[in-house]
K.L.:
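Quick one: the structure is below, questions incoming.
Reckoned from all heavy atoms, side chains included, excluding hydrogens, waters and symmetry mates. Within every chain, numbering begins at 1; the chains are lettered A, B, ... in the order of the sequence lines, protein sequences first and strands thereafter.
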Protein chains: 2
Amino acid sequence: MKKDIEQRLKNKNINPTAMRLLVLDFLTQQNAAISLNDLEKGMEPSDRITLYRTLKTFEEKGLVHHIDDGTGTTKYALCLEECDGDHHHDLHVHFYCTSCKETFCLPNTKIPEISLPKKFRPEEMNLVIKGICDHCSPD
Amino acid sequence: MKKDIEQRLKNKNINPTAMRLLVLDFLTQQNAAISLNDLEKGMEPSDRITLYRTLKTFEEKGLVHHIDDGTGTTKYALCLEECDGDHHHDLHVHFYCTSCKETFCLPNTKIPEISLPKKFRPEEMNLVIKGICDHCSPD
DNA sequence: CTAACATTGCAATAGCATTGCATCATTATT
DNA sequence: AATAATGATGCAATGCTATTGCAATGTTAG
């Protein structure tokens, strides 16, 4: 188990320290994107800034991506696709549930092609949908 | 001229004070979405908080919408469509230019239909595309 | 004219993101 | 094995944006 996680770090060229193993382990257990605060609370006692930098390192190496879901606090989630530092391929949709306040990645829901006005050159896209998630939705 | 602006406020049920006329006038002169800071600098000397509240009032009444373009600072732009406080119909795409750092509304570029996984109920959508805008794009 | 209400301006605060620096750990070098 | 060099961690401190409380001012209605 631990080996998997360690290997995963190495694959991304990230030095597998104890802290990083713990953080990555914690991240894999989440089914929603989490904030720095969530991470801090879930990993007590740990230094907030170290966690912050750990996430930043992970992001630079293409292991996690951050999500700006419009709530004002940045959320982080593991990349499913093969990303590297230069190119995050997280072109999937993110969903923010206004009921349970959770933010989810919808990795199978891709952003459709969009035809922009002339001479606009897209490089990155970020689509956040707000609404009610499957858990909070009545049958 | 001034009359137009005044009428526009009245149409949205906003008390047309001197400050509000000035702010709306300033907003109509912009071709990009602006931050609170931009507004403050463009309207000196004016109180930042008053401007903040003016924007908030405008938004509640459906005159402007705010854009979270991922830069960390909220931008504001006039609504083109017929919005009211309850329903902002700003389902157009927003474009953030990484070159000139400006954020634009693309009112004619609508967000396409997206099929979500079962039981996810969308209510709002926010699509921000980052890249190079028409002005910064080489011919 | 005065009371009631809306708007404005100042002061203060909260929360998240971020940096500087000192300490500790790990790896490379001789 | 000892030491230098590099990387990781933890603490303190800061910056910036958003936001609220309250007092002062302006505006409207009776």
K.L.:
Within this structure, what is the CG-to-P distance between A/Leu9 and D/dG7, rounded to whole angstrom?
P.N.:
17 Å
K.L.:
Could you tell me the separation between the CG atom of A/Asn15 and the P atom of C/dA25, rounded to a whole number of Å?
P.N.:
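Value for this atom pair: 15 Å.
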K.L.:
I want to confirm an ordering. Mapping A/Thr57 and A/Ile49 to their closest nucleotides on DNA chain D, which one lands closer to the 5' end?
P.N.:
A/Thr57
K.L.:
What is the distance from NZ of A/Lys10 to P of C/dT26, rounded to the nearest Å?
P.N.:
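Atom-to-atom, A/Lys10 to C/dT26, this comes out as 14 Å.
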K.L.:
Does A/Lys56 put a side-chain nitrogen or oxygen below 4.0 Å from OP1 or OP2 of C/dT19?
P.N.:
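Yes, A/Lys56 has a side-chain N/O under 4.0 Å of OP1/OP2 on C/dT19.
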K.L.:
Verify side chain to side chain donor-acceptor pair (under 3.5 Å) between B/Asn37 and B/Ser35, making sure each step is shown before the conclusion.
P.N.:
CA-CA 5 Å; B/Asn37 260 320; B/Ser35 69; 5.1 Å; no
K.L.:
Quick one: A/Glu59 CD to C/dT18 C1', roughly how many Å, whole number?
P.N.:
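The distance from CD of A/Glu59 to C1' of C/dT18 comes to 14 Å, rounded to the nearest Å.
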K.L.:
Within the structure shown, what part of the strands sits under 4.0 Å from B/Arg53 by heavy-atom distance: base, sugar-phosphate, or nothing?
P.N.:
base
K.L.:
Answer yes or no: does a side-chain N or O of B/Thr74 lie under 4.0 Å from OP1 or OP2 of D/dA18?
P.N.:
yes
K.L.:
Between C1' on D/dT17 and OH on B/Tyr52, what's the gap in Å once rounded to a whole number?
P.N.:
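Going from B/Tyr52 (OH) to D/dT17 (C1'), I get 9 Å.
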K.L.:
In whole angstrom, give the distance that lies between atom CG of B/Asp47 and atom P of C/dA12.
P.N.:
14 Å
K.L.:
Have a look at A/Thr54 and tell me which of A/Met43, A/Glu59, A/Arg20 forms a side-chain contact (heavy atoms from CB on, under 4.5 Å) with it.
P.N.:
A/Arg20
K.L.:
Can we say B/Lys56 and B/Glu60 salt-bridge, meaning some charged N sits less than 4.0 Å from an Asp/Glu carboxylate O?
P.N.:
no
K.L.:
Looking at every strand, decide which applies to B/Thr73 at a 4.0 Å heavy-atom threshold: base, sugar-phosphate, or nothing.
P.N.:
sugar-phosphate
K.L.:
Can you tell me the distance, in whole Å, between the NZ atom of B/Lys61 and the P atom of C/dA6?
P.N.:
11 Å
K.L.:
Do you reckon A/Ile111 sits in the same ILVMFWY cluster as B/Ile114, going by side-chain contacts under 4.5 Å, direct or chained?
P.N.:
yes
K.L.:
Could you tell me the separation between the CG atom of B/Asp68 and the C1' atom of C/dC16, rounded to a whole number of Å?
P.N.:
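Taking atom C1' of C/dC16 as the reference, CG of B/Asp68 is at 14 Å.
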K.L.:
On the side chain of A/Arg48, is there an atom forming a donor-acceptor pair with the base of C/dG15 - under 3.5 Å, no angle test?
P.N.:
no
K.L.:
Taking only Lys NZ, Arg NE, NH1 and NH2, and the carboxylate oxygens of Asp or Glu, determine whether B/Glu123 and A/Lys130 approach each other closer than 4.0 Å.
P.N.:
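Salt bridge absent between B/Glu123 and A/Lys130.
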K.L.:
Give a yes/no on whether any side-chain N or O of A/Thr17 is located under 4.0 angstrom from OP1 or OP2 of D/dT9.
P.N.:
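Yes.
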